[in-house]
Each structure stands twice: as structure tokens, then as C-alpha cells.
Amino acid sequence: MPSPSPAPEPLLARPGLSWSGTVDYGPGPLHAPRTLEELQRIVAGARRIRALGTRHSFSRVAASEADLVTLGELPEEIEVDSAARTVRVAAGVRYGTLALELARHGLALANTGSLPHISVAGASATGTHGSGDRQQALAASVRALDLVTAGGDIVSLDREGDAEVFGGAVLALGALGVATHLTLDVVPAFEVRQRVYLELPAEQFGGAGLDAVLAGAYSVSVFHHWDGTGAQIWAKQAVVAGDPAERTAAADAAGPVGLPTDPRSAFPELWHGARRADAAVHPLPGLPGDLCTDQTGTPGPSHERLPHFRLEFTPSSGEEIQSEYYVPRAQIAEALAAVMPLGDRIRPLLHASEVRTVAADELWLSPAHGRDSALVHFTWKRRPAEVEALLPEIEAALAPFSPRPHWGKVFTLDPGTVRAHYPRLEDFRSLRDRLDPTRTFANAYVDRYLGV
Ligand SMILES: Cc1cc2nc3c(=O)[nH]c(=O)nc-3n(C[C@H](O)[C@H](O)[C@H](O)COP(=O)(O)OP(=O)(O)OC[C@H]3O[C@@H](n4cnc5c(N)ncnc54)[C@H](O)[C@@H]3O)c2cc1C
């Protein structure tokens, strides 16, 4: 049990804004403990409290009407177990930092989001994903979790030992407690080559061609502007060593079709009618390509190719809002076609849209729960009122595809519609009753979408 001494003064009186400047986290205070014991005391003394990660969500998922806590001042612990192929990591560690440490041990994460700047706990809590038909959301790699619960106690949960509840514990929108450590599955280090292809023609973008492109490498993103063509294909293909003994499971997941996995074979100049770019590009028009990861086709460590953005630079635009909807993988071309008539209304508000894929998982609140998915994504200009006015029309167009919104991005779907897509929601609510009966970790967003 934590000691009964009073919680220390918070370091900052007011939490401030999200990374994008579009979410005000609330009045605070914002606590920044330097030790685990301090964190336990703060939580035990709070009536209501929410944890902040690196503040990259665009929705109000992390906001609080009361206290907030950041784990950014806690030690950045990373404990690698090479034999078990796991890593135990402090919750606030960023994926970019973690990937470098794993590389020193000859290990890697199987996948990453588009940016390495986000925290492991924050990304796991919202279902953050990369891209790849065989790649699950990052939270699916979590095998154990330590949570500080309302009384300040630490509860440890494990994928095997707590199998009946673990599916609800990791991707939990911060509603069960403050995660302090997560243990992740990792894979042997592997290399990836990245190339960008430009101008995917309409006849490819609109049908089976898009399916083939998305299936054509370990991780694929297609950027477009709702004009019926694909502006950029970012193809990230795993390098598979010739010697079968050296093949890694991660590299084998590159799949049998698509771009060559043998580094001696160059990527083709034309791919599904799109032409190979001869200079680095940025997914957002007008921004320089050198802010992004290597696009020359040179093999490099997976953590230097799988994210789009480099850790040392600002990712994306910054002046932006994002929205993203999960639809069934098999219906992505149809779903895009359904939204296409809104193109003229979307484009003036848009930096860029991206199509990605993510494999199904069994996490109860995962937007990819039980369903191989494809993502209909928007990086909007920072014009929140106009974006929110247009979203209901996009959501109506996507309705036949049962869209599940990304928890960390902006959407306007009503709570009943959102809840109907989560068959394990009642199980989650029971788990929440057990772990947080006092609703210490609730906020308006969680109440709205998961119930009070
Ligand atoms: C430029 C940019 C690119 C992006 N690219 C992608 C992408 O490729 N794929 C994708 O899926 N998303 C992407 N996102 C969205 C982003 O990855 C998610 O919103 C993610 O949750 C952000 O993590 P964070 O550490 O910033 O968490 P925050 O936004 O700070 O918090 C998110 C949630 O996690 C909870 N949380 C944080 N820490 C803890 C903790 N210790 N214990 C319990 N709960 C906690 C918070 O309470 C909150 O509910 C992108 C965002 C930006 C700004």
C-alpha cells in the first residue's frame, strides 16, 4: 500500500493543449511524479484523474475535468529479455526510443505507427496501428501490464495468467487505471526497403488494383486526394535473407505476393501503373521529403523505414486534425467509392488522406476487433468547425460498412452507433466495475462512448 503522506504539489498548474493545439485538456492540475510511489500517492489522493501520454490524440480521449498526470518525469526503463523475445518498458517511453534500444539487442517491433514520437501506453490505449495486411494494432503485442488503480495499488495483468480479462485491459482508453509498465512481444531485427510510387491510375485505385497494392508489401500506405486516383503509394517491403535459417518470422510476414523481398532485385519502375518516385516526397503537399524516412529502396533497420516520419523532426504538418474509420478490409474500394462524391467538399479542408490496412485482433475495444480492416483516414487542415460539419456526411456515406472510428481521432458518430460495433463492451464494463468501481479514471469522453 502507498504511504498515507499527502500528494506532492503538481509541477504545472494548467495542463495546456494537445500536440496539434486543438484539444484543451482541462483546468488541471497536471501532476508529474518522479517516482512510482509518488504516482501511487497522487492517484490515491485524486477524486478523478486521467493519464496523458505524449498528447498526440486529436479526440478528447485524454482530457479531464479534474486532475491529470504525465509519466514523462519517471525513469525511462527498458528491460530487454532476448531469450524470451520480450521487453518490459515504462509506460511513457516513446516507440522511437524503444526501437533504438531493441536494435542494440538485435530485436525489433513487428510494426510501428506512422510516427515514432508517441508513448507506448498512449498508443496502446487507443489502438494505434501501422499498416500491413498481416500487422495487428500495436496494442496486440502487449503481453503484460501494470496498472495503478484508484486506491493507489498496483495491479499486474498478464495475457496468459489473466486470459479471461486481458483482452479488455490494454486498449482501455485510460479508463481502468494509470499504466506504469507494459511488456511487449518483440521479433528478431529485420530490414525493410521503402519506395514511393506516384499517380496510381483511377482504374487501379478504384477496384482490385487497390487490393493488390495494399497486399503487395509488408506495410503499404496509399495517400490520395479524393479525385479517384492514388497520389502516392508508400511501399515498405521486408528484406528476406536468402538462407532459410536466417529468415525471421517478421520478414516472412512480407507475404508471397507483391514487391520483391530479395534485396538483389530492384523494385520495378512501374507498379500497378504507378511510377517509382526518383526523389524523396512528403505525404502532405508542399512539405519537404527529407523530413520522412528513407525512400531510396536501400535496406535499413525496420524502425527507420516503417514509420513515415523521422523521430528528430515534427511529424506530419502540426497544423492539423485527423479522423480515421476502420471498415472491413475486403470492402475498402467500395467504401472509398461511397465517400468519393463528397470529394469536392473534402478537398478544401484536406491536407491528405491515407489508406492503410490492419489485421484483426481480439482486444475488446479495438476498432479492428474480430475484423481484418482497412482505414479511411483524413489529415484535415486545422479548421475544426468546418471539419466537424462535414464528418456526419462522410460517416453517413460509410455507414453501410459499419465504420469504427479511431478512438484518438475526431469523429461525430453517436455513442449508440459506436457501442453497437463492440460485441465485448459489456465485458469491458464489468471489468471496469471491478478495477475502477469509483470511476476515478472516467472523463466525459469515456462516459459518452462507453457509458458511465
Ligand atoms: C502526426 C500524427 C500521426 C499519427 N499517426 C498515427 C498512426 O500512424 N496510426 C494511428 O493509429 N494513430 C496515429 N496517430 C494518433 C496517435 O497515435 C494516437 O492518438 C495515440 O493514442 C497517441 O499516443 P500518445 O502517447 O500521444 O497518447 P495521448 O494522446 O496522450 O493519450 C491517448 C490515450 O492514452 C491514455 N494514456 C496515456 N498514457 C497512459 C497511461 N500511462 N496509462 C493509462 N492510459 C494512458 C490517455 O488517457 C488517453 O486516453 C497520429 C497522431 C499524430 C499527431
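Hydrogens, waters and symmetry mates play no part in the numbers below; they use all other heavy atoms, side chains included. Remember, it's 1-based here, ligands and their atoms both numbered in the order they're listed. Worth saying up front: this structure is predicted, and the values here are computed from it rather than measured.
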NZ/NE/NH1/NH2 to OD/OE distance under 4.0 Å, [X] and [Y]:
{"X": "R104", "Y": "E101", "answer": "yes"}
{"X": "D211", "Y": "R329", "answer": "yes"}
{"X": "R94", "Y": "E76", "answer": "no"}
{"X": "D447", "Y": "R432", "answer": "yes"}

Exercise. With a 4.5 Å heavy-atom cut-off, do V93 and E77 have their side chains touching?
Worked result: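 No, every pair of side-chain atoms sits at 4.5 Å or beyond.
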For this session: For residues F378 and L350, determine if any side-chain heavy atom of one lies less than 4.5 Å from a side-chain heavy atom of the other.
Result: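 Yes, close enough: below the 4.5 Å cut-off.
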Element-labelled atoms of ligand 1 that are located less than 4.0 Å from some non-hydrogen atom of [X]:
{"X": "V178", "result": "42 (N)"}
{"X": "T126", "result": "18 (C), 20 (C), 21 (O), 32 (C), 33 (C)"}
{"X": "S119", "result": "25 (O)"}
{"X": "L71", "result": "41 (N)"}
{"X": "A121", "result": "38 (N), 39 (C), 40 (C), 41 (N)"}
{"X": "A91", "result": "41 (N)"}
{"X": "L52", "result": "30 (O), 37 (C), 38 (N)"}
{"X": "L173", "result": "49 (O)"}

Say whether [X] and ligand 1 are in contact under the criterion: heavy-atom distance to a ligand atom below 4.0 Å.
{"X": "G130", "value": "no"}
{"X": "K409", "value": "yes"}
{"X": "H308", "value": "no"}
{"X": "F58", "value": "yes"}

Problem set entry | Of the listed options S20, S114, G113, closest to atom 6 (C) of ligand 1 (non-hydrogen atoms) |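 Residue with the shortest heavy-atom distance to the ligand atom: S114.
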Problem set entry | Nearest option to atom 47 (O) of ligand 1, as decided by whichever heavy atom of G92, A51, S18 sits closest |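 Comparing heavy atoms across G92, A51, S18, the nearest one to atom 47 (O) of ligand 1 lies in A51.
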If you have a sec, work out which protein heavy atom is nearest [atom] and how many Å separate them, to one decimal?
{"atom": "atom 32 (C) of ligand 1", "answer": "S57 OG, 3.4 Å"}
{"atom": "atom 12 (N) of ligand 1", "answer": "H406 NE2, 3.2 Å"}
{"atom": "atom 44 (N) of ligand 1", "answer": "G174 CA, 3.4 Å"}
{"atom": "atom 1 (C) of ligand 1", "answer": "S316 CB, 3.6 Å"}
{"atom": "atom 48 (C) of ligand 1", "answer": "A62 CB, 3.6 Å"}
{"atom": "atom 17 (O) of ligand 1", "answer": "T128 OG1, 3.1 Å"}
{"atom": "atom 27 (O) of ligand 1", "answer": "G122 CA, 3.4 Å"}
{"atom": "atom 41 (N) of ligand 1", "answer": "A179 O, 3.0 Å"}

Problem set entry | From R55 atom CZ to T70 atom OG1, the distance as rounded to the nearest 0.5 Å |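 Nearest 0.5 Å value for the CZ-OG1 distance: 7.0 Å.
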Problem set entry | Between OG1 on residue T417 and CD on residue E395, distance to nearest 0.5 Å |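 The distance works out to 9.0 Å.
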Problem set entry | Close aromatic pair by centroid cut-off 6.0 Å: H129 and Y326 |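 Yes, ring centres under 6.0 Å apart.
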Exercise. Using the benzene-type ring in the case of Trp, are the ring centres of F428 and W364 under 6.0 Å apart?
Worked result: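 Between F428 and W364, the centre distance exceeds or equals 6.0 Å.
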For this session: Run the numbers on Y325 and F401 for side-chain contact (heavy atoms from CB on, under 4.5 Å), then give the verdict.
Result: CA-CA 10 Å; Y325 301 91; F401 310 98; over 6 Å; no
For this session: Determine, step by step, whether Q194 and D294 satisfy the side-chain contact (heavy atoms from CB on, under 4.5 Å) criterion, reporting the C-alpha distance in whole Å, the side-chain angles of both residues, the deciding distance to 0.1 Å, and the verdict.
Result: CA-CA 7 Å; Q194 175 168 256; D294 181 283; 5.5 Å; no
Side chain or backbone of [X] under 4.0 Å from ligand 1, or both, or neither, by non-hydrogen atoms?
{"X": "A125", "value": "side chain"}
{"X": "R356", "value": "side chain"}
{"X": "R50", "value": "side chain"}

For this session: Please indicate whether any nitrogen or oxygen in W19 is less than 3.5 Å from any nitrogen or oxygen in ligand 1.
Result: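 In this structure, W19 places no N or O atom under 3.5 Å from an N or O of ligand 1.
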Exercise. If we only count N/O pairs under 3.5 Å, is H129 in contact with ligand 1?
Worked result: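 N/O-N/O distance below 3.5 Å exists for this pair.
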Exercise. What residue among H377, R356, E354 forms side chain to side chain donor-acceptor pair (under 3.5 Å) with S221?
Worked result: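 Of the listed residues H377, R356, E354, the side chain to side chain donor-acceptor pair (under 3.5 Å) partner of S221 is E354.
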Which pair of heavy atoms, one from [X] and one from [Y], lies closest together, and at what distance?
{"X": "P283", "Y": "W234", "result": "CD-CZ2, 3.4 Å"}
{"X": "I154", "Y": "L36", "result": "CD1-CD2, 3.8 Å"}
{"X": "S119", "Y": "T54", "result": "N-OG1, 3.4 Å"}

